[in-house]
Amino acid sequence: MTDHDESVNHMEKTPENLYQKAKKITGLIDHADRQLQSVTALPKDAVKAVMQAEKQLRALAVENSLKNMPVEELAKAKLGIRVSALKNAGINNIYRLVKMSHRALENIDGIGPKSAAAIRHVVDKIVKSTQENTRVRIDPDKIGGHDERLVKAVYHLRKIMVLKDASEKEYSAKHVPVRELLKAAGPAKHWLTWKLSSSSKKKKALDSLAALETMLNDGYTETAAGLFAQSKAVHRAGREEYIKDFERNAAGYYATLENVLHGTTAGTTVGAGKRSVQETAIKNGLSEELAVAIGNVELDLTGLSCELRPYQHYGVQYILNQGAVLLGDEMGLGKTIEAIGCMVALRNQGQSRFLVVCPASVVVNWIREITRFSDLKPHKIHGSECDQAYDIWKRTGGVGVTTYETLSKLTLDEEKELSMLVVDEAHYIKNPNAARTQNVLRFRRKTGRALFMTGTPIENNVEEMCFLISCLQPDVAKSVQGSTSLVMAPEFRRKVATVYFRRTKEDVLSELPEKIETEEWVEPLAAEERLYRGYVLNGEFVKMRQVSWLMEDLSESAKAVRLKEIVEEAVAMNRKILIFSFFLNTVDRVRGLLSCPVFGPITGAVPVSKRQQILDDFEAYDGGAVLLSQITAGGTGLNIQCASVIIFCEPQLKPSIENQAIARAYRMGQVHTVMVHRLLNDDTVDERILNILQNKQVLFDNFADISESGKESLISSETVKKIVEEERAKYTDTGNGP
């Protein structure tokens, strides 16, 4: 007799024990399976809640627009409508007419059946146009009512989607086998069924029960219960939690909202969203046939840890479909994210080696963005360990990030090709005879896929634009030879649209985000690092913060190099820029660095009346320009809505200082997206200060009264002393001291 037969016989002698055990195990597993199913299905209801909340908020916004629209708008239709008769009847805005019936209109003195029909026709067109053009914007300082309901609904959806992804992975892998095991184990739950079952069914039931018990012991039910409990906790989140989350992640909220409204499902843009991005592409020169074909490109973005907006998703499709392109999306639209999305999609197709070439000032930024937004492995091929990193990248793959200068030192393996070459700030290679250009082209020849990126409106110099296009698609460059004087002509744009793709914020954002904040991490250059080390070992905290601007030669300052790049790009786009520093000598050094129009500086020594004159001159200037200011002098009390780019030369010691400075441009009357750039040195006091300010233990209420919040520095003298000691230990402990 086998052990199994003995086990069956034993169970037959004690059916009650078997029944109780089987019922308990199957009950627990069944409950866990249903919990996972419940969490996986939650987004459907959450999406409906978002759509309903957005619909209500949009309806309110449309209503307010119509109430603020004077009845004189009817005269623009030139249909002979007697507006005076309507005003005499006390009707002063379009909203009043929306609510009136045709009969009520006819009863107004001076308005007959024909005029009533004309009024109804025009009003209907106005309402439709208003509905189509009204954009939902949420003011984080005035959240309440319908917009609060929308924030809450989007918060629920975003949190639930994270849980859904984890639940779906477990559910999709185990649901079918679990249901099969539960069915097979069924006879063991009831003594009569057990008695009437054949030996083979009894054996299968016992085997299934053992498999279910193993799942139980492996934590299956705990995983399901945990995800289910978290989903319930999401809906218990208080007002402060979801509003604070919105303030921290407003761009993410708008991305989620846009994807819901545009019908983005499982990474595929459908419905209105698909039509919208394709229409933008057609407007920019693509043929309708190609625009539709690009929109049908399937993407597997598994491993991309951020939500693409529909236009970014379409950008990835465009890049992959066209093979070699120049992406000119305006600064702040996420060109880096689109590039990372392309590399993730190609990696999921089996590709393995990607190379990013960029200015030295943004190498650290690329490394951080790749790590933050994907599961790709970045390799910094730059600096003292360049050769080692390059060898590892060639063997193992991933994303190599290098500089134009370093590229000249890298050799190519003849038998290996690149999966994709990404060239950031591509206008750096506008000169075909320059060594950096030749080095890039040497690598360009090793891959069919190349992405050149620039936020600078390169149409400003057509010859340079055509050269870059020739590096990507020579046939297109040849087709526009001789027609460069007609750069803005539809025919020229149509020809280059297959290789040059540019969207502005006005093109693709249904709402203009109030504020986009970017941490501009740079790696200190060699001389800068030596100077910093000396300040650290001498315990000079203030000079540690200023080190980049104490360099005798600012070309050896990574921050100065990056600041100049940001300013040049913004000025080329006719943007006005505010540059803040706590330190007067930093402001003076920045002034000497820039060659564009510079106003100020505004300092504590400048009288209030003079400050306003500086602002008036800055605002009146026609074109891109810079306003310099000490943050303590220009960070409060001034209205500078004409500026849309803000640069901080160093992190401040309390968030209220930066918040107040940003509020100079980030206020009612601002028509452009406000871009905030924080210049930060990697692995220095900058990083330590920023980490402290971002730590939940030390954040304070940003809505606190300014006079109160300004009394004390958030970073105490004890903390400053600790920072200096930790920075000093970094050098002395590693033998890098003097």
Side-chain angles (χ1 to χ4, degrees), residues 360-365 368 383-384 518-564 566 579-593 601 603 628-632 635 647-658 661 677-695 698 712-738:
S361 58
V362 294
V363 167
V364 173
N365 238 32
R368 286 174 176 262
S384 59
T518 304
E519 295 176 2
E520 299 283 352
W521 290 98
V522 296
E523 185 174 14
L525 301 178
E528 196 176 9
E529 171 67 19
R530 287 193 296 272
L531 188 61
Y532 178 76
R533 181 172 55 201
Y535 292 147
V536 169
L537 296 175
N538 290 332
E540 297 178 89
F541 178 73
V542 173
K543 289 186 176 180
M544 288 162 61
R545 293 183 63 203
Q546 298 182 71
V547 62
S548 297
W549 307 102
L550 296 177
M551 299 291 297
E552 184 175 345
D553 182 357
L554 287 183
S555 68
E556 296 182 329
S557 164
K559 274 192 184 182
V561 171
R562 184 58 186 147
L563 179 139
K564 196 171 182 181
I566 295 170
I579 300 180
F580 290 110
S581 174
F582 182 83
F583 305 102
L584 180 58
N585 63 325
T586 296
V587 173
D588 290 338
R589 295 302 304 280
V590 171
R591 185 179 182 86
L593 175 72
T603 70
L628 287 174
S629 178
Q630 268 189 294
I631 198 165
T632 50
I647 303 174
F648 293 107
C649 294
E650 71 284 321
Q652 305 307 308
L653 297 185
K654 54 183 178 179
S656 61
I657 294 178
E658 287 191 4
H677 300 269
R678 291 180 175 85
L679 298 177
L680 302 161
N681 276 330
D682 190 51
D683 195 25
T684 67
V685 65
D686 286 358
E687 189 162 5
R688 293 189 182 277
I689 291 173
L690 200 67
N691 287 340
I692 291 172
L693 296 180
Q694 291 177 341
N695 191 298
V698 296
E712 287 189 19
S713 170
L714 182 60
I715 299 181
S716 65
S717 58
E718 291 79 10
T719 303
V720 168
K721 183 178 179 181
K722 182 180 178 182
I723 290 173
V724 173
E725 290 173 351
E726 290 175 348
E727 284 293 282
R728 183 183 289 126
K730 182 176 69 179
Y731 291 105
T732 56
D733 291 350
T734 58
N736 290 328

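Values below: every heavy atom of this structure, side chains too, minus hydrogens, waters and symmetry copies.
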Report task. State which residues pass side chain to side chain donor-acceptor pair (under 3.5 Å) with Arg545; sequence neighbours excluded, sorted by chain then number. Result -> none
Query raised in the report: Where the side chain of Glu528 meets the backbone of Leu525, is there a donor-acceptor pair that is under 3.5 Å apart?
Result: yes
Query raised in the report: Roughly how far, to the nearest 0.5 Å, is the OG1 atom of Thr684 from the CD1 atom of Ile689?
Result: 8.0 Å
Requested in this report: Quick one: pull up OG in Ser548 and CZ in Arg589 and give me the separation to the nearest 0.5 Å.
Outcome: 11.0 Å
Query raised in the report: Measuring from Thr586:OG1 to Gln546:CD, what's the distance to the nearest 0.5 Å?
Result: 4.5 Å
Report task. Spell out, as yes or no, whether a donor-acceptor pair under 3.5 Å connects the side chain of Gln652 to the backbone of Glu650. Result -> yes
Requested in this report: Before giving the answer on side chain to side chain contact (heavy atoms under 4.5 Å, CB included), spell out for Phe541 and Val536 the whole-Å C-alpha distance, their side-chain angles and the decisive distance to 0.1 Å.
Outcome: CA-CA 7 Å; Phe541 178 73; Val536 169; over 6 Å; no
Requested in this report: Tell me yes or no: between the side chains of Ser581 and Gln630, is some donor less than 3.5 Å from an acceptor?
Outcome: no
Requested in this report: Say whether, by atom type as modelled, one donor and one acceptor occur between the side chain of Asn681 and the main chain of Asp686 under 3.5 angstrom.
Outcome: no
Query - Any side-chain heavy-atom pair of His677 and Phe648 under 4.5 Å - result: no
**Report entry** Non-neighbouring partners of Glu523 that pass side chain to side chain donor-acceptor pair (under 3.5 Å), sequence neighbours left out
**Finding:** Lys380
Report task. Please name the pair of heavy atoms, one in Asn365 and one in Trp521, separated by the smallest distance, quoted to 0.1 Å. Result -> OD1-N, 3.0 Å
Query raised in the report: When you check the gap from the basic side-chain N to the acidic O, do Arg368 and Glu687 get nearer than 4.0 Å?
Result: yes
Query raised in the report: Does Val522 offer a backbone N or O that forms a donor-acceptor pair with the side chain of Lys559 under 3.5 Å?
Result: no
Query raised in the report: Do the side chains of Tyr532 and Pro524 get nearer than 4.5 Å, heavy atoms only?
Result: no
Query raised in the report: Salt-bridged, Lys730 to Glu727, with N to O below 4.0 Å?
Result: yes
Query raised in the report: Is the shortest heavy-atom distance from the side chain of Tyr535 to the side chain of Val542 under 4.5 Å?
Result: no
Report task. Kindly indicate whether the side chain of Val685, heavy atoms from C-beta on, has any atom under 4.5 Å from the side chain of Val547. Result -> no
Report task. Mind checking side chain to side chain donor-acceptor pair (under 3.5 Å) for Arg591 and listing every partner two or more places apart, or none if nothing turns up? Result -> none
Requested in this report: Go through the steps for Ile566 and Leu679 under the test side chain to side chain contact (heavy atoms under 4.5 Å, CB included), then give the verdict.
Outcome: CA-CA 10 Å; Ile566 295 170; Leu679 298 177; 4.2 Å; yes
**Report entry** Worked verdict on Val590 versus Leu628 for side chain to side chain contact (heavy atoms under 4.5 Å, CB included)
**Finding:** CA-CA 8 Å; Val590 171; Leu628 287 174; 3.6 Å; yes
Report task. Would you check if Leu537 and Arg728 make a side-chain contact, meaning some heavy-atom pair closer than 4.5 Å? Result -> yes
Query raised in the report: Can you tell me how far the CD1 atom of Ile647 sits from the CD1 atom of Ile579, to the nearest 0.5 Å?
Result: 4.5 Å
Query raised in the report: Do any N or O atoms from the side chain of Arg678 and from the backbone of Glu519 form a donor-acceptor pair under 3.5 angstrom?
Result: no
Report summary line: To the nearest 0.5 Å, atom CZ of Phe580 lies from atom SG of Cys649 at 10.5 Å
Query raised in the report: Got a sec: does the CZ of Phe582 have more than 12 other heavy atoms crowding it under 6.0 Å?
Result: no
Query raised in the report: Say you draw a straight line from OG of Ser555 to NZ of Lys564; how long is it, rounded to the nearest 0.5 Å?
Result: 9.0 Å
Query raised in the report: With a 4.5 Å limit on heavy-atom distance, are the side chains of Pro651 and Leu680 in contact?
Result: yes
